Amino acid sequence: MSVLVSRDTKVVVQGITGHQGTVHARQMKAFGTAVVAGVTPGKAGTTVEETPVFDSVREAVEKTGANASCIFVPAPFAKDALLESVDAGIRLAVIVTEHIPFHDMLVMYHYARGRGARIIGPNCPGIASPTGAKVGIIPNVVFRPGRVGVISRSGTLTYEIVNGIKEHGLGQSTCIGLGGDPVVGTSFVDALPLFEKDPDTDLLVLVGEIGGTAEEDAAEYIHHHFSKPVVAYIAGRSAPEGKRMGHAGAIISRGKGTAKTKVAALEAAGAKVARFPYEIPDLVAGILPAGSRS
Amino acid sequence: MSVLVSRDTKVVVQGITGHQGTVHARQMKAFGTAVVAGVTPGKAGTTVEETPVFDSVREAVEKTGANASCIFVPAPFAKDALLESVDAGIRLAVIVTEHIPFHDMLVMYHYARGRGARIIGPNCPGIASPTGAKVGIIPNVVFRPGRVGVISRSGTLTYEIVNGIKEHGLGQSTCIGLGGDPVVGTSFVDALPLFEKDPDTDLLVLVGEIGGTAEEDAAEYIHHHFSKPVVAYIAGRSAPEGKRMGHAGAIISRGKGTAKTKVAALEAAGAKVARFPYEIPDLVAGILPAGSRS
Amino acid sequence: MVKLAEWRGKDVFRKYGVPLPRGRVARSPQEAEALTRDGSVPLPCVVKAQVLAGGRGKGGAVKFANSPAEARSAAEAILGLEFKGERVKELLLEEKLALSKELYVSLTLDRTLRLPVLIVSARGGVEIESVEDAAIDRQPVDPFPGLTGYQKRRAAGALGLSGGAAKSLDRLLEALWKLFNGEDAELVEINPLALVGDGLVALDAKVIIEDDAAFRHPEYAEIRDDRTPLEEVAREKDIAFVQLDGNIGVIANGAGLTMATLDVLQEFGGRPGVFLDLGGTDDPKKVTEAFLLMARAQPQAVFLNIFGGVTRCDTVARGLVEAMRQVPEAERFPLVARIRGNNEAEGVEILRAAGITSIPSLKESAQAVVAAAGGRR
Amino acid sequence: MVKLAEWRGKDVFRKYGVPLPRGRVARSPQEAEALTRDGSVPLPCVVKAQVLAGGRGKGGAVKFANSPAEARSAAEAILGLEFKGERVKELLLEEKLALSKELYVSLTLDRTLRLPVLIVSARGGVEIESVEDAAIDRQPVDPFPGLTGYQKRRAAGALGLSGGAAKSLDRLLEALWKLFNGEDAELVEINPLALVGDGLVALDAKVIIEDDAAFRHPEYAEIRDDRTPLEEVAREKDIAFVQLDGNIGVIANGAGLTMATLDVLQEFGGRPGVFLDLGGTDDPKKVTEAFLLMARAQPQAVFLNIFGGVTRCDTVARGLVEAMRQVPEAERFPLVARIRGNNEAEGVEILRAAGITSIPSLKESAQAVVAAAGGRR
């Protein structure tokens with residue numbers, strides 16, 4: 001078992017005929033994922049490396065039983081692509097596309113939520129489980145089956161850290177790159193319960209960044225509801241304080257959002273916080289029960 | 001036990017300072033219902049026959065624990081009143097107000113549904129259970145505790161029929177007047193499962209009207225999912241065929257919507273269909289197990 | 001329900017940017033001739049009766065004209081016609097376009113889904129009820145987020161449109177969706193929607209505005225269906241009033257009870273004539289006015305069937321007694337009353353004091369009124 | 001993120017019907033004098049520097065004028081000022097209003113709730129961060145159905161407004177909500193919002209438009225934050241580029257990895273200068289351009305830290321080798337490379353062939369570049 005994806009995951013790639021869509025459909029298949037369909041309006045009847053292409057997600061779902069979507073379509077069309085997949089019955093959509101206006105994402109998030117569909121992303125590397133499937137773009141090479149869960153707001157930093165875990169001789173249960181946009185479909189707080197109840201995860205690595213209050217919210221959740229050990233890292237401790245989004249933004253975050261507040265909140269919630277990415281594997285290995293190394 | 005309302009129902013009356021609001025708050029109390037609060041913006045701090053009035057539903061809920069709303073506010077403000085009650089945490093709202101534009105009702109319905117709130121109405125007499133509570137305007141005099149459930153699209157015709165059941169020496173478990181507007185919060189199909197699982201209901205009386213396809217949909221549901229006996233009546237057998245709503249309306253209803261199609265569908269689903277309202281009590285008495293007369 | 005005549009519907013279309021043929025309204029043959037002569041309406045043109053009923057083409061209410069003189073004579077032929085009960089007072093003259101396809105598009109409400117639904121068919125230009133289901137595509141549209149891009153693509157596919165024509169459809173559907181919501185429409189229908197080159201043009205327009213939204217749309221206040229004078233009076237007093245061809249007047253409260261009453265009357269051979277729904281009221285004056293209105297319709301007998309809820313029995317009894325006092329001798333009618341429900345005892349007593357007996361049984365009271373009106377037809 | 005200057009924000013306000021003082025923009029003392037002399041700006045007036053930073057009042061960037069001569073001298077005093085790093089080039093002159101209250105209103109995004117939030121306070125006219133939480137009312141607003149009547153009533157209550165002033169607030173909030181959505185705003189803020197009689201007037205305007213929505217808003221294309229020339233070049237090439245005051249140039253891919261790299265450099269005493277985020281690319285030319293850009297910033301050493309995903313290691317290696325060929329002798333810099341991830345072996349081999357060693361450990365590579373840049377600061 002793993003989180004959200006499994007051997008039963010059947011992926012439709014929206015925007016499969018674009019360069020990114022084609023490349024990553026291939027990588028997902030190489031990972032062992034069932035990429036059953038692609039969608040590009042006007043390209044029905046063609047194939048991309050043997051994957052059939054349809055005009056609509058509805059057709060793709062009807063003809064192939066696709067149950068997850070990986071969205072690569074350009075930002076101006078991403079909202080429509082997501083709504084289409086939700087209306088076609090897709091309940092897990094990974095949106096890789098970056099630069100989606102947050103006003104669009106508000107619509108997408110609440111529409112999907114109202115219909116019981118989960119979005120991961122946008123602007124995210126997606127989800128992968130070495131024993132399950134991959135929906136997204138995390139490099140295949142960083143994975144090794146194991147019992148460490150990873151959730152992260154970053155992209156390449158996630159790869160770095162997941163790879164570090166592998167190189168230390170450990171492995172991952174499921175890794176989710178949530179994306180760092182202002183509005184994300186799945187936040188730390190949304191992802192934590194999934195790992196809490198995942199029998200394959202013994203320890204969770206949480207990778208955060210400065211800005212927003214997602215890490216503080218996660219700390220709060222961990223404190224009250226998360227029973228497994230957590231190793232965390234916050235990127236940006238040395239970064240100059242960014243320009244704030246006006247005064248209203250300050251009202252919303254009210255003394256949260258810096259590396260200091262995030263680290264303090266996570267430590268108070270019982271997490272071990274690494275100061276640098278390369279400290280993570282040692283911290284993990286120090287906590288992980290000997291029997292659960294892979 | 002009863003359907004949707006019980007002795008734990010605590011009603012806030014939105015628009016309590018209006019004539020209808022005041023009169024029916026009094027009637028609900030006379031029925032035995034806990035009317036705990038009223039709301040009229042700008043009238044906070046006053047009382048209506050000892051019921052405290054608040055400026056907002058949120059305050060009313062916070063201060064009195066109200067968990068159901070009865071809405072009497074004029075049609076142009078009804079949408080706002082409903083949204084306010086849903087946002088304040090109310091999960092059962094009976095809308096008595098008539099002439100609410102259906103475009104408003106579409107918003108209200110989907111908003112409430114997305115938050116797990118149920119609307120009864122609009123333009124409806126509401127719900128009452130002789131052993132539970134009354135939220136709405138059905139005359140108190142027609143009730144007597146018993147084991148007959150009633151769902152109806154009509155107003156006064158419901159009173160007529162419920163009263164007929166009482167005068168025949170039988171009683172009701174719960175009666176819901178759903179309202180006959182184009183968009184209703186709770187339809188026959190939505191109400192049927194509630195009565196199916198209500199241990200206090202042994203038989204259901206369904207009162208329909210010509211127009212729309214709600215009765216045909218109900219028949220379909222009854223056929224597949226409803227195990228208790230059903231007695232039905234369709235008003236309007238003798239009415240001249242009304243002006244149709246253009247051709248598109250005909251496409252939507254496609255050969256449904258007449259008294260004939262409704263009666264046929266209900267009979268095919270196993271319901272006994274009365275030709276006239278005064279036949280209902282005899283039909284009910286003929287079916288109801290002797291031990292469940294009251 | 002406010003049904004807009006074609007030309008009014010097209011005025012609304014124009015406001016939302018729906019492409020239309022060039023055209024103008026004429027109310028006389030002279031005007032029709034002048035509009036085509038001065039180029040306001042290009043020739044050849046089509047001359048259409050502005051009536052609400054469908055089937056105008058087959059019914060001789062649509063003609064073509066190649067010259068101002070022909071436009072005049074077409075107008076002469078159509079104006080004043082009685083078309084399915086409507087007198088033709090207005091014409092719409094429009095340029096005749098060279099079209100390559102006739103399509104169908106509408107937006108209306110699906111009550112079961114509680115969603116607007118977009119209906120399209122490549123088989124436009126005929127009555128859509130006659131088109132088989134397989135040739136009609138329906139898509140429910142969620143008010144949030146509204147009509148989506150993928151839904152428009154599907155509609156284009158169903159209509160067999162691509163390229164520039166599909167783009168034209170995108171804009172058209174967006175305009176119709178805005179109109180449907182912005183105008184509180186029950187129905188927006190274009191049949192036929194013509195493909196002219198690679199653009200779409202609305203040849204007809206059917207727009208129905210919801211009455212309940214009137215408070216948001218004072219602009220439609222003056223456009224109403226034709227009513228008989230009595231119906232007009234009833235409307236002003238907020239009493240639902242329908243005139244049929246029977247001889248028994250029915251006063252009831254609530255649409256369901258009114259219908260049930262008619263069903264029962266018919267069962268016993270009665271012929272309902274005027275029926276009148278008091279709705280919910282606790283004003284005895286409104287009840288009095290209803291009876292005075294009923295008296296003017298000269299029924300042979302009147303059946304009062306009230307189940308008291310919001311409308312209390314004592315209110316009705318008081319209004320009835322006052323009405324009986326006011327009705328002129330010449331307009332008096334036999335009355336059968338049945339008042340049940342809230343404050344029944346008080347109401348029955350008020351009637352009794354005025355010499356009127358309330359019969360509690362629906363069956364018996366219905367039989368009594370049929371007898372009073374002269375028995376079975 | 002496009003921050004609009006006050007006068008531009010007010011132009012947007014005007015489009016949505018937000019009430020404003022009468023006012024005009026001036027770019028010279030002469031213009032300021034003329035606008036007040038001919039009555040375009042009524043006297044007395046306020047003369048405000050058009051800079052994006054807050055605290056203008058305290059900072060001497062806002063002055064009052066009772067006569068055209070005073071307007072001129074106020075303009076002379078303010079124009080050309082350097083205010084928190086911005087040169088004042090424009091002034092907004094506005095009539096001075098007799099106000100009875102200063103309020104605060106804003107709409108922005110709450111990331112945790114994933115909802116816009118309406119923030120109001122009766123304590124306007126000061127920095128809102130300095131106001132205690134209890135005096136600030138926040139209400140999340142669902143995009144569907146939008147700002148509701150009851151939310152507006154609550155806002156009026158929190159602001160202490162009733163009657164005509166509450167009605168004015170209703171209209172204002174509706175306008176701000178439409179603006180927030182229609183313009184793809186990240187922030188709409190009015191501080192102070194003045195109560196003048198029983199109407200509300202926006203004395204200030206802060207509007208921030210989201211960059212990602214630029215495709216819907218070509219009208220904001222020309223309004224950009226000031227950038228250094230190198231930042232401008234980077235923007236054109238779609239490379240995220242930030243200039244700090246250190247001496248180590250960092251080229252990484254992805255914001256998180258870039259930040260982590262800076263954290264590690266700092267740990268070992270390095271001072272990051274320029275940093276540059278390649279983002280996701282598999283075009284070696286973009287990598288080459290990034291290096292050429294970096295060279296122009298004249299760092300003492302450069303750290304290339306790439307984890308290959310979309311950006312493959314071999315792509316980066318090819319781009320780097322090409323850049324090294326092109327960089328002029330004078331601009332050469334010591335380089336420490338670390339390339340990991342997709343196609344790592346190929347990339348490492350390409351670098352090796354060009355005489356560059358990739359150090360796989362983040363810690364060791366960081367230490368190496370700090371040493372190359374001259375050791376700990």
Side-chain angles (χ1 to χ4, degrees), chain A residues 19-20 23-24 75-76 98-107 109-110 125 137-142 152-160 163-164 180 182-184 187 189 207 209-210 212-214 217 233 235-240 243 245-252 254 275-278, chain D residues 1 3 54 106-112 114-117 119 127-129 133 136 138 142-144 181 184 186-187 189 191 206 208 210-213 215-216 244 252-257 259-260 262-267 272 279-280 282 306-311 340-342 344 361-363:
Chain A
H19 176 70
Q20 291 292 322
V23 165
H24 290 291
E98 58 182 350
H99 297 310
I100 297 175
F102 81 80
H103 281 274
D104 286 3
M105 199 38 215
L106 286 176
V107 173
Y109 172 75
H110 291 283
I137 64 170
I138 310 180
N140 296 351
V141 296
V142 302
S152 169
R153 277 171 74 195
S154 300
T156 46
L157 178 58
T158 312
Y159 314 162
E160 169 83 38
N163 192 57
V183 177
V184 290
S187 67
V189 168
V207 183
E209 292 178 3
I210 52 172
T213 63
D217 298 341
Y233 169 68
R237 289 193 310 138
S238 68
K243 290 172 187 172
M245 204 180 71
H247 298 286
I251 294 295
I252 301 236
R254 276 279 186 204
R275 289 185 314 147
F276 305 104
Y278 48 76
Chain D
M1 151 162 111
K3 291 186 194 176
S106 69
L107 275 166
T108 189
L109 171 71
D110 186 317
R111 295 174 174 215
T112 303
R114 285 104 153 182
L115 285 174
V117 59
I119 306 176
E127 292 214 331
I128 194 68
E129 298 98 308
D133 264 346
I136 297 173
R138 315 176 199 192
D142 203 294
F144 178 77
N181 291 286
D184 279 296
E186 291 184 14
L187 172 73
E189 186 175 55
N191 189 18
K206 180 162 276 167
I208 302 179
E210 197 196 7
D211 263 348
D212 285 341
F215 66 87
R216 283 198 282 256
L244 300 177
N253 62 333
L257 185 58
M259 280 193 281
L262 301 186
D263 292 348
V264 175
L265 282 178
Q266 186 142 314
E267 167 71 5
D282 49 8
I306 296 294
F307 205 100
V310 169
T311 307
R340 307 296 314 269
N342 268 357
E344 179 175 329
S361 151
L362 174 55
K363 189 173 177 176

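Both backbone and side-chain heavy atoms feed into the values below; hydrogens, waters and symmetry mates do not. Chain letters run A, B, ... following the sequence lines, proteins first and then strands; every chain starts at 1. Note that this is a predicted model, so its numbers are computed, not measured.
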- Report yes or no: does A:Thr156 contribute a side-chain atom to a donor-acceptor pair with the main-chain N or O of D:Asn253 at less than 3.5 Å? yes
- Task: Specify which of A:His19, A:Glu160, A:Met105 makes the most heavy-atom pairs with chain D at under 4.5 Å.
- Result: A:Glu160
- Task: Identify which part of D:Asn181 has an atom lying under 4.5 Å from any heavy atom of chain A, answering side chain, backbone, both or neither.
- Result: both
- Task: First locate atom CZ of A:Arg237, then atom CD of D:Glu267, and finally report the distance between them rounded to the nearest 0.5 Å.
- Result: 6.5 Å
- Task: With D:Phe307 as reference, evaluate A:Leu157, A:Thr158, A:Val142 under the side chain to side chain contact (heavy atoms under 4.5 Å, CB included) test and give the passing residue.
- Result: A:Val142
- Any sub-3.5 Å donor-acceptor pair from A:His110's side-chain atoms to D:Leu115's backbone N or O? no
- Who among A:Gly180, A:Ala235, A:Pro182 has the most heavy-atom pairs with chain D under 4.5 Å? A:Pro182
- Item | Most contacts with chain D, counted as non-hydrogen pairs under 4.5 angstrom, among A:Asp104, A:Ile137, A:Asn140, A:Val23 | A:Asp104
- Query: Would you say A:Pro277 and D:Leu257 make side-chain contact, with heavy atoms under 4.5 Å?
  - Reply: no
- Message: Measuring only between side-chain heavy atoms, which start at C-beta, is A:Phe102 closer than 4.5 Å to D:Glu186?
- Response: yes
- Checking A:Ile100 against chain D: side chain, backbone, both or neither under 4.5 Å from a heavy atom? backbone
- Note on the structure: Most heavy-atom pairs under 4.5 Å with chain D, out of A:Ser187, A:Ser154, A:Ala214, A:Gly155, belong to A:Ser187
- Message: Under a 4.5 Å cutoff for heavy-atom pairs, which residue among A:Arg153, A:Glu98, A:Arg275 has the most contacts with chain D?
- Response: A:Arg275
- So CD of A:Glu209 and CE of D:Met259: to nearest 0.5 Å the spacing works out to 4.0 Å
- Query: Side chains of D:Asp263 and A:Tyr233: is there a donor and an acceptor less than 3.5 Å apart?
  - Reply: yes
- Message: Heavy-atom cut-off 4.5 Å, strictly under: side chain, backbone, both or neither for D:Arg340 against chain A?
- Response: side chain
- Item | Minimum heavy-atom distance D:Phe215-A:Pro101, with the two atoms named | CE2-CG, 3.6 Å
- Message: Quick check for you: among D:Gly341, D:Ala213, D:Ala260, which has the greatest number of heavy-atom pairs under 4.5 Å with chain A?
- Response: D:Ala260
- When rounded to the nearest 0.5 Å, the distance separating NZ of D:Lys363 from CZ of A:Phe276 is 9.0 Å
- Any donor and acceptor pair, going by atom type alone, linking the side chain of D:Arg114 with main-chain N or O of A:Val184 inside 3.5 Å? yes
- Which value, rounded to the nearest 0.5 Å, describes the distance between D:Asn342 atom CG and A:Ile138 atom CD1? 11.5 Å
- Contacting moiety of A:Tyr109, where chain D heavy atoms sit under 4.5 Å: side chain
- Task: Rounded to the nearest 0.5 Å, what's the gap from CD on D:Glu344 to CG on A:Asn163? Could you check?
- Result: 7.5 Å
